[in-house]
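What follows is a short report on a single structure.
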Amino acid sequence: MKSANKPSDEELFRKAMADVEPLRVDNRIEPVPKMTPAIAAQRALDERAALAELLDGPDAAEDLETGEELSYLRPGYQKRLLRRLRRGEYSTAATIDLHHMNVDTARQVLLDFLAHALQRQAGCIRVIHGKGLRSRDLPRLKILTNQLLRKHPRVVAFASCRPVDGGTGATDVLLSLQAGRAK
């Protein structure tokens with residue numbers, strides 16, 4: 001409770017400012033705070049690091065491959081990109097699962113997925129195609145994925161995932177975010 005003979009802070013302020021004249025403001029624009037959009041900072045850092053490596057010097061890493069693994073590096077790119085992709089060092093921005101699709105449907109879905117990923121500036125994506133264990137003769141979706149990714153002009157590299165991420169039943173794909181980049 002306030003004492004009856006003690007003035008409030010507001011009264012004291014007004015008394016102190018009694019002889020002050022306000023400044024005239026002619027062309028004042030009230031500041032509007034800008035709202036910054038939320039961003040996934042780590043993903044952006046990973047994608048920038050992946051693209052920065054495209055310009056790095058050569059690396060003497062060996063490419064080890066077994067018959068079941070998918071692996072590809074577009075000519076003119078550093079072998080280190082493929083090695084880091086195999087190790088799972090790039091964060092995947094999007095994943096598509098092609099299980100239970102026929103080859104024609106899977107082809108169109110995969111092409112649409114690649115176009116959407118490029119539109120969203122995704123540097124690394126994952127394609128789950130399965131190992132073909134239920135296929136009658138060959139792992140058709142795995143073969144389709146291999147052929148389609150090799151021919152796509154914006155695919156820099158791809159490799160079968162680590163066992164914890166799906167092993168030879170899934171493929172991580174590194175995309176070039178620059179159209180028409182030859183190296």
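Because the structure is predicted, anything quoted here is derived from the model rather than measured.
Here the NZ atom belonging to Lys6 is positioned 10.0 Å from the CG atom belonging to Leu12, to the nearest 0.5 angstrom. Remark: Ser160 OG to Asp165 CG distance equals 11.5 Å, nearest 0.5 Å. Between the CD atom in Glu89 and the CZ atom in Arg80 there is a gap of 10.0 Å [rounded to 0.5 Å]. Once rounded to the nearest 0.5 Å, the distance linking NE2 of His100 with CG of Leu141 reads 10.0 Å. Here the straight-line distance linking atom CG of Leu149 with atom NZ of Lys151 works out to 11.5 Å at 0.5 Å rounding.
Minimum heavy-atom separation, Leu111 to His152: CD2-CD2, 4.5 Å. Taking each heavy atom of Leu82 and Leu73 in turn, the nearest pair found is CD2-CB, 4.2 Å. In plain terms, the two heavy atoms of Phe158 and Leu85 that are nearest each other are CA-CD2, 3.6 Å. Of all the heavy atoms in Ala159 and Arg86, the pair that sits closest is CB-CG, 3.6 Å. Shortest non-hydrogen contact noted between Ala93 and Ala122 is CB-CB, 3.6 Å. Residues Arg150 and Ser71 come closest through the heavy atom pair NH2-O, 3.3 Å.
Asp112 places none of its side-chain heavy atoms less than 4.5 Å from the side chain of His116. Taking 4.5 Å as the limit, some side-chain heavy atom of Thr145 sits within range of a side-chain heavy atom of Leu98. Considering only heavy atoms from C-beta on, Phe13 stays 4.5 Å or farther from Lys15 through its side chain. Counting heavy atoms from C-beta outward, Thr171 and Arg126 have side chains that stay 4.5 Å or more apart. Two residues are said to be in side-chain contact when any heavy atoms from C-beta on lie closer than 4.5 Å; Leu175 and Val156 fail this criterion. Contact of the Leu70 side chain with the Thr168 side chain is not registered, since no non-hydrogen atoms from C-beta on lie closer than 4.5 Å. Under the 4.5 Å side-chain criterion, counting only non-hydrogen atoms from C-beta, Asn146 is not in contact with His129. Residues Cys124 and Val173 are not in side-chain contact: their nearest non-hydrogen atoms beyond the backbone lie 4.5 Å or more apart.
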Item to check | Criterion side chain to side chain contact (heavy atoms under 4.5 Å, CB included) on Ile125 and Thr92, from CA distance to verdict | outcome: CA-CA 5 Å; Ile125 58 171; Thr92 54; 5.9 Å; no
Item to check | Chi angles and distances behind the side chain to side chain contact (heavy atoms under 4.5 Å, CB included) call for Glu68, Lys142 | outcome: CA-CA 10 Å; Glu68 293 182 7; Lys142 188 173 182 176; 4.2 Å; yes
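With Gln147 contributing its side chain and Leu144 its backbone, the two residues share no donor-acceptor pair below 3.5 Å.
Under a hydrophobic clustering in which Ile, Leu, Val, Met, Phe, Trp and Tyr are joined whenever their side-chain heavy atoms come within less than 4.5 Å, directly or via other members, Val127 and Met101 fall into the same cluster. Clustering ILVMFWY residues whenever any of their side-chain heavy atoms sit less than 4.5 angstrom apart, transitively, puts Leu148 in the very cluster that holds Val155. Both Tyr72 and Leu118 belong to a common hydrophobic cluster when Ile, Leu, Val, Met, Phe, Trp and Tyr are linked at side-chain heavy-atom distances under 4.5 angstrom.
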